[in-house]
Colleague: 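My questions will all concern the structure given below.
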Amino acid sequence: MAALPSPVLILGARSDIARALARRYVAEGCAVILGARDAARLATDVADLKVRGGSDVDAVEFDVLADDPDAFFARLGRVPGTVIMVAGLLGDQAESANRDEAARLVMATNYLGPARYLLAASRVMRARGKEGGCLIGISSVAGDRGRGSNYIYGSAKAGFTALLSGMRNSLRADNIMVMTVKPGFVRTAMTEGMALPPALTATAEQVAETVVAAQRRGRDVVYVKSVWRLIMAIIRSLPEPIFKRLSL
Amino acid sequence: MSLDRRPEPLSGWGRYPRHQAIGIHPADAPEVSRAATTAAHGIARGNGRAYGDAAVGADATIHLGRLDRFLSFDPTTGILVGEAGLLLAQIIDVMVPRGWFVPVVPGTRFVTLGGMVAADIHGKNHHAFGSFCDHVAWIEIDDGSGERRRCSRQEDPALFAATCGGMGLTGVIYSVAVRMQRIETAMIRQRRLRVRNLDAAMEAFEANLATTYSVAWIDCLASGAALGRSALFLGEHATLAELPVGRRERPLALPASGSRPIPIDFPDFALSMPVVRTFNALYYRRQFDAEALVDLLPYFFPLDSLLEWNRIYGRRGFVQYQCVLPLETSAAGLRLLLGAIAAAGAGSFLGVLKRMGPQSFGMISFPREGYTLALDFPASPANLALLDRLDGITADHGGRIYLAKDARAAPAMMAGYDRLDAFRALRRERGYMTRFASRLSQRLEL
């Protein structure tokens, strides 16, 4: 089995999915760098990963809304082999629709920031030559079609999905693999208290396991629970005159 | 941290009884403190493996599933520190390949560190090693005072003794430091003895007190001369030299642990008397005396390979009855307990008998010297009435019931706990009565 490109930089490291990913990559023998706001609070996560066998684990200050992503990668001091963008914000649809600042935050956290940081990551990977690397974006099935219940979040994820698709196409020649992950429902802090259908709901550990397996196999677009691929294919295929009348 | 929007139905592993409960889900240490400080009649919950209502908050339930980090491990002292929500299964996966095992483990590895302290769990080595908290170096706990407290045998020993086995009623445990034990291999040298009745089983236990692990599966439906017939399982950690040559290359490797969920609730007839009786009789007949090397996981956690095995008891759920009787009354008391069960024709796949060692320091910790018996029953009205009769026998013989299993006992059963007054006094003095309460503590007036 080919080694996974290390170190693995996980951006938005405080989420449950990020924590599961970090543990998985440590178990695979990778060096791991966690990025989140208030990085000092990641000390317990770093300690956890070290006890689990991580020999090279680090935490860095990262804010997906902060300007100058190039400076962030310069500060990092080394070029990551894999960059995973986990940062995102579900927000509240009604609030986002009624308040400009709420909408801006959801758009910036799910599209603008993630896009700028992954573009910056691709620049440092290209700059070092043919070695390439891997960029992974945690997008969402919500980006597959705008739906009344979450279209502001969904539109930002749609943009992110389109960006990843374009980067995949463009960066192939540079030996940079780009993977889009659409987890579907995940039982995490973000979905706490929601009644989620078990058959459609993954755990953070399942997401992490799927991501690592898909990266090894060089997959392009991954639905964590494959039933989502079918569901979203049906949702995408509904004609707009019908779709607009549905409560989705 | 967020508050669940609505109360949700919540129960223990037995799925009986079910209550409505509000959930709080802290994500890190500061949020645990906040949850403990703002709690009113709240209780911490780990992975929900207590059978009854011990981890269902009287008001709020504080879920610690996300507090699942290892904090440190020192190979020179063997002390492992982890957050309260860390699963035993994770500790085993990470530590066994390095040659370390948890000193005391219960019958499932899907319990949390905090839960193991709160129930002061015991294992097959209780007679030799004591209970889990005998191996705990210190605990950090948020007792709602706004300050995280560290307690140990030296530091605030009263809080330590109340917290070890204290069913979460002294606060929200944040972290636990436990002394791990060295192992050479991930295998157990098992010896199995078939014993024809209760006297023979107790004789076998007494004759094997020097063996590290011992437990008996007991056929609760056998009666008359065969009352208490059992299969006794003795075990020692296998040394490297005891492994077959082929296994010596990777002595600490854990076998891949495939688990299969039970897909549906079993229909009630699946556990009807003829089925259980036949199963028990066949099982007993298969247990001829034998010695074998067995893998560590199936040895300690035979039911873990069936995820959600609690569903075999059907939708109404089940109750587990576990009591311990003093050494001097064990023979008479066990005979009455088994007789009552056999007479009622109620029985379970899982009758377990074990010799326990001396009582530990926890104020309301369950283990005490004597014999403990554990059985499952579907939660039917007839079985609940039987359990009340079993309580009477346990009380008459100076025994106590295990709070981590209990779902239905009356406050009078707490008479078996000789240091309950000290526990209650500490709770009152430190203001814990109004902060920390579970459905169990309300029911039993703890």
Side-chain angles (χ1 to χ4, degrees), chain A residues 12-29 32 34 36-55 57 59 86 89-92 94-95 186-196 198-199 201-206 208-209, chain B residues 1-10 21-32 60-63 65-75 78-87 89-98 100 113 140 174-175 177-178 180 261 263-264 307-308:
Chain A
R14 198 162 281 117
S15 76
D16 292 352
I17 291 179
R19 189 194 294 189
L21 281 165
R23 289 175 180 178
R24 194 82 206 177
Y25 279 99
V26 158
E28 300 281 342
V32 168
L34 306 175
R37 271 182 302 191
D38 198 359
R41 274 177 57 211
L42 291 172
T44 49
D45 293 280
V46 171
D48 173 63
L49 295 168
K50 285 185 171 164
V51 176
R52 287 171 191 269
S55 50
V57 183
V86 191
L89 173 70
L90 186 55
D92 178 86
E95 204 196 341
V186 184
R187 179 60 64 201
T188 65
M190 197 159 151
T191 58
E192 221 164 69
M194 294 184 184
L196 301 176
T201 307
T203 61
E205 289 72 29
Q206 283 171 327
E209 199 177 320
Chain B
M1 179 167 68
S2 72
L3 220 59
D4 280 358
R5 281 144 233 202
R6 285 182 298 278
E8 284 187 309
L10 191 65
I22 303 273
I24 299 174
H25 302 253
D28 57 18
E31 291 190 357
V32 173
T61 306
I62 303 165
H63 295 260
R66 294 229 290 286
L67 276 296
D68 68 342
R69 301 171 186 90
F70 289 94
L71 294 175
S72 65
F73 177 65
D74 181 348
I79 288 190
L80 174 87
V81 184
E83 290 183 324
L86 180 61
L87 279 183
Q90 292 267 296
I91 299 175
I92 289 171
D93 284 352
V94 168
M95 300 308 295
V96 166
R98 297 183 206 170
W100 295 92
L113 256 186
E140 282 184 305
Y174 167 66
S175 67
V178 58
M180 302 285 285
I264 50 159
L307 286 178
E308 299 182 21

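To find a chain, count down the sequence lines: A is the first, B the second, and so on, and within it residues start at 1.
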Colleague: Check whether any side-chain heavy atom of B:Q90 sits under 4.5 Å from a side-chain heavy atom of A:D48, and report yes or no.
Modeller: no
Colleague: For residues B:R69 and A:R52, determine if any side-chain heavy atom of one lies less than 4.5 Å from a side-chain heavy atom of the other.
Modeller: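 Not touching, per the 4.5 Å side-chain cut-off.
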Colleague: Compare all side-chain heavy atoms of B:L71 with those of A:T44 and state whether any distance is below 4.5 angstrom.
Modeller: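 In contact.
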Colleague: Checking A:E95 now: which residues fulfil side chain to side chain donor-acceptor pair (under 3.5 Å) with it, not counting sequence neighbours?
Modeller: A:R99
Colleague: With a 4.5 angstrom heavy-atom cut-off, which part of A:R19 approaches chain B: side chain, backbone, both or neither?
Modeller: side chain
